[in-house]
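Report on one structure; see the data block that follows.
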Amino acid sequence: MSTDLHREALFGFTLRLGDTSLVLGHRLSEWCGHAPELEEDIALTNVALDLVGHARMLLTYAGELEGKGRDEDRLAYRRDVFDYRNHLLAEQPNRDFGHTIVRQFLHDAWALELYERLCASTDATLAGIAAKAVKEVRYHVRHSGDWLVRLGDGTDASHAKVADALGRLWPYTGEMFERDEAEQALVAAGIVPDPAELKAAWAARVEAVLEEATLERPADGWMQKGGRRGEHSEHLGYLLAEMQFLPRAYPDATW
Amino acid sequence: MSTDLHREALFGFTLRLGDTSLVLGHRLSEWCGHAPELEEDIALTNVALDLVGHARMLLTYAGELEGKGRDEDRLAYRRDVFDYRNHLLAEQPNRDFGHTIVRQFLHDAWALELYERLCASTDATLAGIAAKAVKEVRYHVRHSGDWLVRLGDGTDASHAKVADALGRLWPYTGEMFERDEAEQALVAAGIVPDPAELKAAWAARVEAVLEEATLERPADGWMQKGGRRGEHSEHLGYLLAEMQFLPRAYPDATW
Amino acid sequence: GRLQQGFQDRVDAEEKIEPRDWMPDGYRRTLVRQISQHAHSEIVGMLPEGNWITRAPTLRRKVALLAKVQDEGGHGLYLYSAAETLGVSRDELIGQLLSGKAKYSSIFNYPTPTWADIGAIGWLVDGAAIMNQVPLCRCSYGPYARAMVRICREESFHQRQGYELMLALAQGTPEQKRMAQDALNRWWWPSLMMFGPSDEQSAHSSQNMAWKIKRFSNDELRQRFVDATVPQAEFLGLSIPDPDLRFNADTGHYEFGAIDWTEFNEILKGNGPCNRERIEARRKAWDDGAWVREAAVAHAAKRKQRALKKAG
Amino acid sequence: GRLQQGFQDRVDAEEKIEPRDWMPDGYRRTLVRQISQHAHSEIVGMLPEGNWITRAPTLRRKVALLAKVQDEGGHGLYLYSAAETLGVSRDELIGQLLSGKAKYSSIFNYPTPTWADIGAIGWLVDGAAIMNQVPLCRCSYGPYARAMVRICREESFHQRQGYELMLALAQGTPEQKRMAQDALNRWWWPSLMMFGPSDEQSAHSSQNMAWKIKRFSNDELRQRFVDATVPQAEFLGLSIPDPDLRFNADTGHYEFGAIDWTEFNEILKGNGPCNRERIEARRKAWDDGAWVREAAVAHAAKRKQRALKKAG
């Protein structure tokens with residue numbers, strides 16, 4: 001960690017990644033016991049488990065970077081919506097399995113490219129977290145990508161469903177490649193990857209799978225944003241109210 | 001209020017009635033903006049508003065009876081599931097409009113018979129609350145009863161839906177006529193009505209409407225219970241997590 | 001033509017046009033569009049506020065919010081009725097909303113992520129709506145004007161309630177104040193955009209002025225809103241998110257920064273944060289309710305038949 | 001017959017019966033019923049615990065709960081596979097669950113209204129399950145016995161985890177301790193009922209003993225459970241809700257009060273607090289997932305056809 005400025009920027013970066021992992025893990029965990037088949041109950045729960053695991057490492061590190069004594073649980077359970085920094089994509093509700101798969105694949109493809117590059121981060125802690133995460137994310141992207149192909153190149157009904165989900169969710173992918181000024185400094189310092197290069201790699205990966213899935217890549221039109229600076233949809237508040245109930249209701253308890 | 005024992009029993013009675021009103025009002029309020037037609041958006045919201053209004057009076061009075069300085073909001077927002085005393089009927093989720101109407105009618109018919117008798121309670125405060133509530137409940141029972149007739153004696157599809165809801169919800173009506181020992185003392189003191197008489201009046205009212213609705217009255221089989229002593233379904237926790245979020249997240253705030 | 005002239009004379013004389021009176025087709029079309037758009041806005045507007053009913057922080061606030069959203073449903077009813085006097089059915093109008101053919105106020109395509117948004121909507125959005133609507137109480141079309149009288153009375157109550165809610169937050173804990181400021185930051189510019197494009201860009205305006213459907217220009221109304229609202233923000237101790245905002249002692253008006261219309265135009269195109277969800281929520285309510293409406297119709301028919309049988 | 005005798009000799013010699021071996025029809029039927037009922041219980045059992053995944057109070061607890069529920073899904077898989085070795089397909093078995101023809105453990109028809117229920121399920125329900133299941137690791141049918149070995153290993157991990165969760169509550173704030181006691185009050189008797197009716201009432205038992213599908217009577221296993229669990233409750237500082245409970249120094253066993261089977265029988269009849277919801281949740285998952293399963297089949301067919309084309 002070279003400077004205090006880097007430290008603050010890295011706190012922001014780590015928090016965003018941690019929050020995105022946590023919120024997306026939460027959404028996946030809502031499937032547990034309700035998936036289309038038993039194998040998927042297990043698989044989606046497994047991905048959820050990994051994502052919450054990543055969130056734990058990332059939020060713990062974010063708390064250290066911040067230096068105000070907040071641990072993973074303090075960060076996860078005691079912030080309201082406007083302090084959450086996850087991508088809007090992650091908080092989108094599950095709707096149907098196809099929608100969940102599209103959301104997951106768009107994220108996984110990004111996460112894989114990101115973590116692969118973060119393994120070489122000049123920040124050793126971040127590189128260490130990435131090295132652990134990348135192995136799991138490789139499985140995630142295969143899982144969501146395979147399903148996307150199955151559903152896209154399955155029946156007419158399944159094709160229509162995932163095509164609709166793709167159109168609906170595409171505008172939420174812009175946020176993945178936003179970087180504020182502080183984060184640009186992290187790029188320059190070799191701590192986080194260059195967003196333009198990341199985007200190109202993500203797009204190539206996504207396009208390859210979309211083609212196999214016989215799905216058209218939507219045009220990059222107007223992109224939804226705000227999650228990275230705490231401006232969220234109406235969905236996140238409900239998610240947090242549920243997630244945070246116990247620590248809020250019993251503030252003095254340890255569990 | 002003749003004795004301390006009465007006071008405690010009356011606290012329990014008032015709390016149960018207040019919680020039932022609040023939780024049922026909450027369920028109805030979930031329809032706001034999502035009803036089958038605009039008139040119903042307005043009507044259901046109106047009934048919700050009345051029920052929350054009744055809850056306010058009842059919880060305020062319960063807090064006074066308890067004498068520990070808890071006001072309506074303290075009681076509404078700072079108790080977890082096992083301290084809630086509402087009927088299980090009230091916390092059942094909305095499912096569809098027909099289900100909501102059946103739930104509401106079974107409750108309204110009870111509430112009308114109850115409040116009519118409470119108007120003559122030897123407890124002046126309770127009698128005063130009942131006198132206010134009874135006027136509104138008269139409208140509620142007409143509203144839900146009319147809809148039950150429309151749906152029961154409407155199309156085959158609507159008949160099937162409300163018949164199913166009736167079968168599903170009937171086992172939750174037993175709780176309305178449960179009285180513990182403490183409450184029996186209130187009956188003897190003329191503070192609350194006799195449950196057997198209440199049940200007969202309720203049943204007569206319900207049967208008349210069911211007949212008009214061409215619906216069969218389900219048999220009184222095994223009855224679900226527990227709400228009155230704090231043993232709830234899995235639904236109530238979610239409802240409370242949502243309802244109580246703000247006061248829990250900002251414990252020092254006034255609003 | 002003569003009819004045209006007679007119509008315009010009555011309008012000029014501030015007489016009310018009533019449903020059975022002759023009126024130009026364009027007048028009728030404009031009114032149907034405007035009234036139904038307004039009705040749709042009330043209905044869609046129930047959603048962002050309805051979003052906080054189950055989470056209102058006190059029972060008093062919950063009851064007030066329920067009553068407010070119920071009022072909005074009522075406004076929708078009056079307005080659909082006013083539109084029906086022009087020969088178009090409510091179902092037809094709702095069909096246009098659900099198909100995306102008809103518009104509603106873009107402001108309701110913003111989300112309400114925090115409780116302070118309920119205050120901000122009451123204070124700013126209802127405040128802006130009132131600026132737009134008070135002149136409509138004198139609209140040349142009688143049924144619309146009369147509906148607006150009722151609506152404006154209720155809206156100004158809502159607006160005061162919203163302001164009072166913001167005041168409680170602004171005077172509350174630092175977190176509450178932050179929540180209030182955050183909401184103001186998000187709602188300020190969208191509220192200014194509620195008055196529509198600036199006068200140079202605005203279509204329809206002059207004809208609507210002549211018909212006395214519109215009485216003031218967009219920019220005039222926007223300025224009135226800013227002049228009324230800035231001191232209220234100051235009283236709350238909140239900052240308007242506009243570095244260019246300043247009071248001009250010569251004109252007696254507040255000058256404000258240039259409005260960035262890009263986002264507004266995207267929302268008009270359907271790209272707002274909630275466009276899709278708002279319409280889907282309305283569609284779902286409509287579709288899920290189909291069996292209920294059908295049952296009501298079937299039951300009414302049965303009753304009628306039974307009554308006829310009895311009578312016969 | 002001779003086959004029958006040869007079969008029984010192998011069972012008596014503690015040899016494992018394997019899928020291709022001859023077995024009596026009753027043995028096969030009993031195993032299919034028992035294994036599939038066990039599989040269904042794992043699947044339905046994901047629901048009451050899954051109910052707290054989104055609300056686990058720490059991220060560590062959330063991860064542990066996710067892993068636990070995932071394990072249960074895995075147990076379901078092993079068990080369906082074991083049942084399939086007896087010549088019945090998983091889809092057929094699931095069809096029986098969804099139609100209500102097949103049973104699952106009644107214990108999962110109780111709700112989990114508080115977080116302490118997650119601890120109580122791990123400690124008591126998994127604890128009781130292990131008492132039932134450990135002897136099944138020596139069941140005469142090989143695939144079932146082997147599945148049980150894996151399952152028991154994981155279950156005993158879950159049981160310790162549940163106990164540890166209860167311990168954290170019991171040693172926590174007074175409110176947490178109250179939550180733990182409340183959960184024990186609600187789960188104690190249902191856990192005792194998990195062992196089934198008392199020996200006098202129990203059908204099937206002697207034949208199942210002879211087949212070495214069952215090795216201990218219901219009452220024996222129930223007594224073991226009580227003996228193991230009462231000291232654990234004491235260590236937690238929680239009270240078993242049974243006024244008749246006492247240690248008999250002569251026998252070395254705890255004596256406990258009479259079980260009230262009325263509620264149990266009502267739950268068996270479908271009148272439990274959650275019977276309807278559990279089956280509906282499974283049915284909804286199955287029905288909502290139909291298009292997904294169809295798409296997977298269609299895609300696999302397409303792939304196969306393309307591969308054939310290429311090869312041809």
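Hydrogens, waters and symmetry mates are skipped; everything else that's a heavy atom, side chains included, is used. Naming: A, B, ... by sequence-line order, numbering from 1 per chain.
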List the atom of [X], the atom of [Y], and the distance in Å for their closest heavy-atom pair.
{"X": "A:Glu72", "Y": "D:Arg60", "answer": "OE2-N, 4.1 Å"}
{"X": "D:Ile53", "Y": "A:Cys32", "answer": "CD1-SG, 3.7 Å"}
{"X": "D:Glu175", "Y": "A:Tyr250", "answer": "OE1-CD2, 3.6 Å"}
{"X": "D:Leu47", "Y": "A:Gly33", "answer": "CD2-O, 3.8 Å"}
{"X": "D:Ala295", "Y": "A:Leu151", "answer": "CB-CD2, 3.8 Å"}

Does atom [atom1] ([X]) have a neighbourhood of more than 12 heavy atoms from anything else shown, all under 6.0 Å?
{"X": "A:Glu211", "atom1": "CD", "answer": "no"}
{"X": "D:Phe157", "atom1": "CZ", "answer": "no"}
{"X": "D:Arg150", "atom1": "CZ", "answer": "no"}
{"X": "D:Arg303", "atom1": "CZ", "answer": "no"}
{"X": "A:Arg74", "atom1": "CZ", "answer": "no"}
{"X": "A:Glu39", "atom1": "CD", "answer": "yes"}

Between A:Leu246 and D:Trp52, is a side-chain contact (heavy atoms from CB on, under 4.5 Å) present by the stated rule, with each step listed? CA-CA 11 Å; A:Leu246 284 173; D:Trp52 280 92; 3.8 Å; yes
Between [X] and chain A, with a heavy-atom cut-off of 4.5 Å, which part of the residue counts as in contact: side chain, backbone, both or neither?
{"X": "D:Met179", "value": "side chain"}
{"X": "D:Val63", "value": "both"}
{"X": "D:Thr54", "value": "both"}

Between A:Trp255 and D:Leu165, does the side-chain contact (heavy atoms from CB on, under 4.5 Å) criterion hold? Intermediate values first, please. CA-CA 7 Å; A:Trp255 303 93; D:Leu165 198 165; over 6 Å; no
Heavy-atom pairs under 4.5 Å with chain D: which of [options] has the most?
{"options": "A:Gly53, A:Gly154, A:Gly152", "result": "A:Gly154"}
{"options": "A:His159, A:Glu37, A:Lys161", "result": "A:Lys161"}
{"options": "A:Ala157, A:Gly98, A:Ala253", "result": "A:Ala253"}
{"options": "A:His26, A:Met243, A:Arg56", "result": "A:Arg56"}

State, with a plain yes or no, whether a side-chain heavy atom of [X] is found less than 4.5 Å away from one of [Y].
{"X": "A:Leu38", "Y": "D:Ile43", "result": "yes"}
{"X": "D:Arg282", "Y": "A:His34", "result": "no"}
{"X": "A:Tyr77", "Y": "D:Leu59", "result": "yes"}

Out of curiosity, [X] [atom1] to [Y] [atom2], how far, rounded to the nearest 0.5 Å?
{"X": "A:Ser29", "Y": "D:Arg55", "atom1": "OG", "atom2": "CZ", "value": "11.5 Å"}
{"X": "A:Thr45", "Y": "D:Leu65", "atom1": "OG1", "atom2": "CG", "value": "10.0 Å"}
{"X": "A:Arg150", "Y": "D:Lys302", "atom1": "CZ", "atom2": "NZ", "value": "13.5 Å"}
{"X": "D:Gln70", "Y": "A:Leu49", "atom1": "CD", "atom2": "CG", "value": "6.0 Å"}

Please flag which part of [X] lies under 4.5 Å from any non-hydrogen atom of chain D: side chain, backbone, both or neither.
{"X": "A:Leu59", "result": "side chain"}
{"X": "A:Phe97", "result": "both"}
{"X": "A:Leu239", "result": "neither"}
{"X": "A:Trp31", "result": "neither"}
{"X": "A:Ala35", "result": "backbone"}

Quick check on the structure: residues of residues 76-84 of chain D within a heavy-atom distance below 4.5 Å of chain A, by number. D:Gly76, D:Leu77, D:Tyr80
Most contacts with chain A, counted as non-hydrogen pairs under 4.5 angstrom, among D:Ala290, D:Ala56, D:Ala281, D:Gly50: D:Ala56
Max heavy-atom pairs within cutoff under 4.5 Å with chain A, candidates D:Pro57, D:Ala296, D:Gly73, goes to D:Pro57
Please check if the side chain of D:Gln176 supplies one atom and the backbone of A:Thr254 the other of a donor-acceptor pair under 3.5 Å. yes
Just checking, any donor-acceptor pair under 3.5 angstrom between side chains of D:Glu294 and A:Thr155? no
So that I can tick it off, tell me whether A:Asp153 and D:Arg306 are bridged by a salt bridge, with the cut-off set at under 4.0 angstrom between side-chain N and carboxylate O. yes
